[in-house]
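One structure below.
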Number of protein chains: 2
Amino acid sequence: MEFDARVPIYLQIIDKIQRDIILGRLKEGEKLPSVRLMALDLKVNVNTVQRVYQELEREGVIITQRGIGSFITEDEEIIKKIRQQMADELLKNFLEGMKGLGMSFADIVKCLKDYISEEEKKDAANKRPD
Amino acid sequence: MEFDARVPIYLQIIDKIQRDIILGRLKEGEKLPSVRLMALDLKVNVNTVQRVYQELEREGVIITQRGIGSFITEDEEIIKKIRQQMADELLKNFLEGMKGLGMSFADIVKCLKDYISEEEKKDAANKRPD
DNA sequence: CCTAGTGTACTATTTAAATATAACAGTAGT
DNA sequence: ACTACTGTTATATTTAAATAGTACACTAGG
């Protein structure tokens, strides 16, 4: 895993784990690696992982049992909720940012569609480089 | 000005100044407040403002003359360029984030439109609270 | 009981950002 | 020359994030 030096590592790890849950890469009830193993894995300090797990537990995303391990919640509502939270956060940040550049809602939608068209061109090109 | 504790103050000030230029609140060739005055204004340390000005000068957004002051560039190309850079950054961050939640391009556009509809409802309600 | 694996807690250190403070250096107006 | 404004540089201190290392506490399995 690669980190962006501009944002705290522990926040990036939280984000990654939440995405893995949302995408189904981590299943409900599944056991997470121990803090020590996760730390080795990410080449990060144990205390940093500890902080990540504590924060995730505070949010109800994982459940930790001393001596046993940490497990993804089986409460689907919480998972739906964090998915919604993350999407809202992205939308809000994007819209506020674009409006702050002087764009109307219509401008923003157009801008997004144009950008997506470009991306789709690239994707298509990558799929058949024969 | 209010700062988000999660991101370095100097980056937030750079962002603010660039937006003010893009929106025309700061005109081409206009003189910026001295580092000391800006520091007082933002309730921030002089060194922090100094760092901001240095960074903006490195990008060509402002031109600094020792003993005289710092001035917004008159090169419109640079201003267009940073506007494009900021929009691209927002688009990239938004799209990557939403794709990372499992959404297709179509999902993302729909999501944005829905969100905008909600915002427009709020705006309309705020305009006539009679 | 013992051991291996787990979470938890504590202290010390490093690093980058921000602050506080002071000094240095160039420019313009008087 | 003097003064008041400008940017620039430097040193020391504070704070939060991250690291390093150690110890403690709980659980399950043999």
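Only this structure's heavy atoms are used, side chains among them; waters, hydrogens and symmetry mates stay out. The chains referred to below are lettered A, B, ... by the order of the sequence lines, with proteins before strands, and numbering in each begins at 1.
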* To do: Hey, could you give me the CG/CG distance between B/D20 and B/D15, rounded to the nearest 0.5 Å?
  => 9.5 Å
* To do: Kindly say whether B/E120 contributes a backbone atom to a donor-acceptor pair with the side chain of B/D123 at under 3.5 angstrom?
  => no
* Could you tell me the separation between the CD1 atom of A/I79 and the CD1 atom of A/I22, rounded to the nearest 0.5 Å? => 8.5 Å
* Passes salt bridge (Lys or Arg N to Asp or Glu O under 4.0 Å), B/E55 versus B/R58? Steps please. -> CA-CA 5 Å; B/E55 184 63 22; B/R58 204 184 54 74; 2.7 Å; yes
* Asked: Does the side chain of B/S70 get closer than 4.0 angstrom to OP1 or OP2 of D/dT6 through an N or O atom?
  -> no
* How close or far is atom P of C/dG7 from atom CG of A/L37, stated in whole angstroms? -> 10 Å
* Whole angstrom value for the distance that separates C1' of D/dA18 from CZ of A/R51 -> 9 Å
* **Between C/dA18 (C1') and B/K43 (NZ): distance, integer Å** => 17 Å
* To do: Calculate the interatomic distance between A/F3 atom CZ and D/dT19 atom P; express it in whole Å.
  => 8 Å
* Return the value, rounded to whole Å, for the distance between atom CG of A/L40 and atom P of D/dT19. => 13 Å
* To do: Establish, yes or no, whether the cationic atom of A/K99 lies under 6.0 Å from the six-membered ring centre of A/F105 and within 45° of the ring axis.
  => yes
* **Gap between atom CD of B/E30 and atom CZ of B/R25 - 0.5 Å precision** => 12.5 Å
* To do: Please check if atom NZ in B/K27 has more than 12 non-hydrogen atoms from other residues, nucleotides or ligands closer than 6.0 Å.
  => no
* Asked: When you check every protein heavy atom under 4.0 Å of nucleotides 25-30 of chain C, what one-letter string (B, S, -) results, 5' to 3'?
  -> SBSS--
Tabulate protein N/O versus nucleotide N/O from nucleotides 2-4 of chain D, keeping only pairs under 3.5 Å, one per line.
none

* **Separation of C/dC10 P from A/Q54 CD (nearest whole Å)** => 11 Å
* Among A/Q50, A/Q54, A/R51, which residue meets the side chain to side chain donor-acceptor pair (under 3.5 Å) test with A/Y10? -> A/R51
* Asked: To the nearest angstrom, how far is B/R6 atom CZ from D/dA18 atom P?
  -> 14 Å
* To do: Report the residue (A/Q12 or B/P33) whose heavy-atom-nearest nucleotide on DNA chain D is the more 5′ of the two.
  => B/P33
* **B/Q12 side chain to B/D4 backbone, donor-acceptor under 3.5 Å** => yes
* **Euclidean distance, atom CD of residue B/Q50 to atom P of C/dC24 [Å, nearest integer]** => 17 Å
* Structure fact -> Which of D/dA17, C/dA18, D/dT19 is nearest the side chain of A/T48? It is D/dT19
* To do: Record whether the side chain of B/N47 comes under 3.5 Å of the base of C/dA17 through a donor-acceptor pair of N or O atoms.
  => no
